[in-house]
Amino acid sequence: MIIRIMGEGQFDVPDDALANLNDLDASVERAVEAGDEAAFRGALGTLIEGVRAAGSAVAADNLAGSELILPPEDASLDEVRAMLNDDGLLPG
């Protein structure tokens, strides 16, 4: 699965990493729902680091479309709240 981190690039993430990433996504969603800025900041950073660690960077000249798009690490709580859907940032 190709996941784009806005402002950074794309990562090809193997399907077997998605369960762990969904757990990290749930932490982001809980923090957003609670309006807890500190928990949100940590959870979003952990999710993005999880994508970086699990995936391999896609070459910048590769025009493959992204299946998922994550906000940049410095996104605000309100910006991420606007991006959330029923499954969080990642589909469950």
Side-chain angles (χ1 to χ4, degrees):
M1 172 177 287
I2 303 293
I3 299 176
R4 174 178 297 282
I5 300 172
M6 293 171 61
E8 182 172 336
Q10 295 178 308
F11 294 83
D12 189 0
V13 177
D15 290 341
D16 63 353
L18 295 178
N20 180 55
L21 293 176
N22 277 316
D23 290 342
L24 299 175
D25 180 46
S27 295
V28 172
E29 189 173 10
R30 283 191 300 275
V32 168
E33 289 172 359
D36 185 335
E37 182 72 34
F40 160 73
R41 192 71 34 225
L44 181 59
T46 300
L47 173 59
I48 289 173
E49 185 53 41
V51 170
R52 290 179 189 134
S56 28
V58 174
D61 62 350
N62 183 330
L63 299 177
S66 303
E67 296 170 77
L68 296 171
I69 299 175
L70 294 178
E73 202 162 353
D74 63 352
S76 72
L77 193 142
D78 287 335
E79 289 170 328
V80 173
R81 182 179 285 125
M83 293 180 73
L84 289 175
N85 59 45
D86 291 341
D87 291 326
L89 292 168
L90 303 176

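These values consider heavy atoms only, across backbone and side chains, with no hydrogens, waters or symmetry-generated copies.
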Using side-chain contact (heavy atoms from CB on, under 4.5 Å) as the criterion, point out the one residue from Leu21, Asn22, Val28 that pairs with Leu24.
Leu21
Once you round to the nearest 0.5 Å, how far does CG of Asp25 lie from CG of Leu44?
10.0 Å
Heavy-atom closest pair, residues Ala54 and Val13
CB-CG1, 4.3 Å
Contacts of type side chain to side chain donor-acceptor pair (under 3.5 Å), residue Arg52, not counting sequence neighbours
Glu8, Glu49, Glu73
ILVMFWY network linking Met83 to Val32, side-chain heavy atoms under 4.5 angstrom
yes
Pair Met6, Glu79 - check side-chain contact (heavy atoms from CB on, under 4.5 Å), show working.
CA-CA 12 Å; Met6 293 171 61; Glu79 289 170 328; over 6 Å; no
Counterpart residues, side chain to side chain donor-acceptor pair (under 3.5 Å), relative to Asp61 (two or more places apart)
none
Using every non-hydrogen atom in the two residues, find where Ala39 and Ala31 come nearest and quote the distance to one decimal.
C-CB, 3.7 Å
Which residues satisfy the side chain to side chain contact (heavy atoms under 4.5 Å, CB included) test with Glu37, sequence neighbours excluded?
Phe40, Arg41, Leu77
So, using side chain to side chain contact (heavy atoms under 4.5 Å, CB included) as the criterion, who are the partners of Asp15 when residues are at least two apart?
Met1, Leu18
Minimum heavy-atom separation for Ala75 and Val80, please, with both atom names.
CB-CG2, 3.9 Å
Could you grab the distance from atom CG of Leu68 to atom CZ of Phe11, nearest 0.5 Å is fine?
13.5 Å
Set of side chain to side chain donor-acceptor pair (under 3.5 Å) partners for Ser66, sequence neighbours left out:
Arg4, Gln10
4.5 Å side-chain heavy-atom contact, Ser27 and Thr46
no
List for me each residue that meets side chain to side chain contact (heavy atoms under 4.5 Å, CB included) alongside Ala26, sequence neighbours excluded, and say none if there are none.
Arg30
